[in-house]
Amino acid sequence: MEEFRGGNEVVVEFDARSRNEGFARLVAAAYAAQLNPTLEEIADIKTAVSEAVTNAVIHGYEGKSGTIRMCLTQADSDIFIEVSDQGVGIENVLQAMEPTYTTRPDMERSGMGFAFMEAFTDELEVSSEKGKGTTVRMRKHIMPLENAD
Amino acid sequence: MEERKQNNLVQEERAKEKSVLCEQKGQILIIMPLMELDHHCAVQVRTEADERIDEGRIQHLLFDFSKITFMDSSGIGVIMGRYKKVLFQGGRIACCGVGKEVDRILTLSGLYRIMPSYPDRASAERALKEER
């Protein structure tokens, strides 16, 4: 995979609390606005960010306190979103990414988080180390206006 | 007039930071999320809906999405969980007021196979009342 980041960096760090999921979505959507995205592209970004941050809150920190870092960069017509936590980490990333696989059926997790991130972005990379934390990197291409229908 | 009354109620409940409005019509429980249905709001929607379902006399569920423009996989979990609750008593689920954003999620998750969508409440209620 090519260099997974661009320039014009914005970093936000926030507490791993469920009420910040909406905040993170808004920040990412506002950042993406500079590339003139369509409403659908904005919705894609909001959904992908929501899934990544929710995973960090529920699984990374298991509902306990912690800090989530979201780094936004851009290159040409691509937005790069990096969401990382220093939580428990994922032992088997490939298994975690299987659609409908969930470790928390008790919380009614649908197991579709990674599937949604994959579906709504153009590239997804997950790196994790047990006991150290997880980083999710996503690239979303924003169709330049002159090429749009 | 009916709609204005409902809109006022929605405003009031939102002001109280309530993320869902539940309303019983016969044997149908109408569940109307008021805020973006993510993990944060899912907990409240689940708790409130389950309270109403457990009170009894509820057979079918109708999810009214007309007040929200965002839902993620947490919403899928909420719908599936409530579906399982009514399934064993012969209940069905339906939805209405689905906008573009929510539609993407429902389509991708395959939920339409168990939850048919209707343009408005009245037609959804009619479909749920019909014997199958």
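Per chain, numbering begins at 1; letters A, B, ... match sequence-line order. Values reported hereafter were calculated over all heavy atoms of this structure, with side chains retained and with hydrogens, waters and symmetry mates removed.
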* Do any of residues 108-125 of chain B come closer than 4.5 Å to chain A, heavy atom to heavy atom, and if so which ones, in number order? -> B/L108, B/S109

* From CD (B/E17) to CZ (A/R19), nearest 0.5 Å -> 5.5 Å

* May I ask you to establish whether B/R104 and A/F120 are in a cation-pi arrangement, using a distance under 6.0 Å from NZ or CZ to the six-membered ring centre and at most 45° from the ring axis? => yes

* To do: Answer yes or no: does atom CG of A/D76 have more than 12 heavy-atom neighbours from other residues, nucleotides or ligands under 6.0 Å?
  => no

* To do: For A/E40, look at atom CD and say whether over 12 heavy atoms of other residues, nucleotides or ligands are found less than 6.0 Å away.
  => no

* Those residues of residues 38-48 of chain B, ordered by number, that approach chain A below 4.5 Å (heavy atom to heavy atom) -> B/D38, B/H39, B/H40, B/R46

* Could you tell me which portion of B/I79 (side chain, backbone, both or neither) has an atom closer than 4.5 angstrom to a non-hydrogen atom of chain A? => neither

* So do B/S74 and A/E21 actually touch side chain to side chain, heavy atoms under 4.5 Å? -> no

* Contacting moiety of A/D44, where chain B heavy atoms sit under 4.5 Å -> both

* Straight-line distance of B/I76 CD1 to A/S110 OG, nearest 0.5 Å -> 6.0 Å

* Same cluster (ILVMFWY, side-chain, under 4.5 Å), A/F114 and A/I81 -> yes

* Asked: Among the clusters formed by ILVMFWY side chains lying less than 4.5 Å apart, do A/V136 and A/M112 turn up in the same one?
  -> no

* Taking atom CD of A/E91 as the centre, does the number of heavy atoms from other residues, nucleotides or ligands within less than 6.0 Å exceed 12? -> no

* Taking atom CZ of B/R52 as the centre, report whether more than 12 heavy atoms of other residues, nucleotides or ligands fall under 6.0 Å from it. => yes

* Under 4.5 Å between side-chain heavy atoms, hopping through other hydrophobics if needed: is there a path connecting A/I68 to A/I45? -> yes

* **Residue A/I58 versus chain B: region with a heavy atom under 4.5 Å** => side chain

* A/R25 portion near chain B, given a 4.5 angstrom heavy-atom threshold -> side chain

* Given that the side chain runs from C-beta out, which part of A/V57 has a heavy atom under 4.5 Å from chain B: side chain, backbone, both or neither? -> side chain

* To do: Answer with yes or no whether the hydrophobic clustering places B/L62 together with B/V102; edges join I, L, V, M, F, W, Y residues whose side-chain heavy atoms lie under 4.5 Å apart.
  => no

* Asked: Would you call B/R82-A/E108 a salt bridge at under 4.0 Å N-O?
  -> yes

* Asked: Is any side-chain heavy atom of A/K46 less than 4.5 Å from a side-chain heavy atom of B/E36?
  -> yes

* To do: Give the cluster check for B/V10 versus B/I68: same hydrophobic cluster or not, with ILVMFWY residues linked at side-chain heavy-atom distances below 4.5 Å.
  => no

